[in-house]
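Scroll down for the structure; my scribbles are underneath it.
For ligands, and for the atoms within them, numbers begin at 1 and follow the listed sequence. All heavy atoms count here, side chains included; hydrogens, waters and symmetry mates do not.
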Amino acid sequence: MGVERVQEIANFSKETIPEEFIRTTYEQPALTTVQGTVLEVPVIDLSDPDEEKVVRAIVDASSNWGMFQVVNHGIPHETVRKLKEVGKAFFELPPHEKEAYAKSPGSQSIEGYGTKLQREVEGKKAWVDHLFHKIWPPSEINYQFWPKNPPSYRKNNEEYAKHMHGVVDKLFRCLSLGLGLEGNEMKEAMGGDNMVYLLKINYYPKCPRPDLALGVPAHTDMSAITILVPNDVQGLQACKDDHWYDVEYIPNALIVHIGDQIVSNGKYKSVLHRAKVNKEKTRISWPVFVEPPSDLEVGPHPKLVNEANPPKFKSK
Ligand code: OGA
Ligand code: NI
């Protein structure tokens, strides 16, 4: 196919990295990270029986940070461990086995194994390969993008998808109540049970110059919400009050990003974030982008707009 995978580039990059991976000084993590401070993004216990308290915490985090972590979320730790085990095993297969799942060059779909082909706006590349495939709803799944090897890949991913509904429903219920809507109204506005769960595995190989490169440059997610599990290698950074901070990992927590600001008419903020790479260890992360179905037009919720609160966004 002729595409250079970052995993291969990393194999021969012992001390330096190719020039196209060196970020501008405005982006280099060594120059732009607030040192000595780890950002303690709000940690929310989803099993707390005091729902009003949970709603308040989620509203506060979503309005001020656009990011929070949830614990006691109901997804068994073993389910998450097994999801990570098979994702890692896929990336450790020989190149030709991974290439069998490669995204075809002209394809409109995002699904498949890949490396960003074009350079980004600033002419720089990100130190990452990835695999994208939908995990929900069943009618949207394209199993040709799900690795057959390791053999338990499918079972473990299906198990994770099944357990995600509880968390997704709880989060949307709290986000909805926090807007003064009925518990189901926000999810319904996003497509209800037709919402699509798109899994991405980010594979960030060891990098000899983590001070100069980035795994993922600054962005906000295109999803409604994103639910991410990382391996144990730190690297996620969030921008708060115009400064970049490392995000502290809490064992067994899920990291939630707000992607959509439209339905809440700007009350909830999407978080600007990026990912660093590591010199000694491979980073891997598993975000699930929870999105409205592609044919659904989403706009500010009609119950939130009136003369005093005009819509801040167009429907799209
Ligand atoms: C992403 C992302 C962060 C991470 O893939 O959208 O923000 O820690 N990843 O891998
Ligand atoms: Ni992201």
| Under-2.8 Å neighbours of the Ni ion (ligand 2), protein N/O/S atoms only | 3
| Have Glu97 and Asn149 got a donor and an acceptor in their side chains that come within less than 3.5 Å? | yes
| request: On the 0 to 90° scale, with breaks at 30° and 60°, tag the Trp136-Tyr197 ring pair as parallel, tilted or perpendicular. | output: tilted
| request: Measure up the His133 and Tyr153 rings against each other and bin them: parallel (under 30°), tilted (30 to 60°), perpendicular (over 60°). | output: perpendicular
| task | Please confirm whether the backbone N or O of Ser63 pairs with a side-chain atom of Lys267, one donor and one acceptor, at under 3.5 Å? | result | no
| said: Quick check with a 6.0 Å cut-off and a 45 degree axis cone: is Arg5 positioned over the face of Phe91's six-membered ring? | reply: no
| query | Got the residues with a heavy atom under 4.0 Å of ligand 1, by chain and number? | reply | Lys200, Asn202, Tyr204, His219, Asp221, Leu228, Leu236, His273, Ala275, Arg283, Ser285, Pro287, Phe289
| task | Indicate yes or no: does Arg56 engage Glu51 in a salt bridge with an N to O separation below 4.0 Å. | result | no
| field | SB check Asp246 Lys276 (cutoff 4.0 Å) | value | yes
| query | Do Asp221 and His273 meet the criterion of a side-chain donor-acceptor pair at a distance under 3.5 Å? | reply | yes
| message | Can a donor-acceptor pair be found, under 3.5 Å and without considering hydrogens, that links the side chain of Tyr101 to the backbone of Lys148? | response | yes
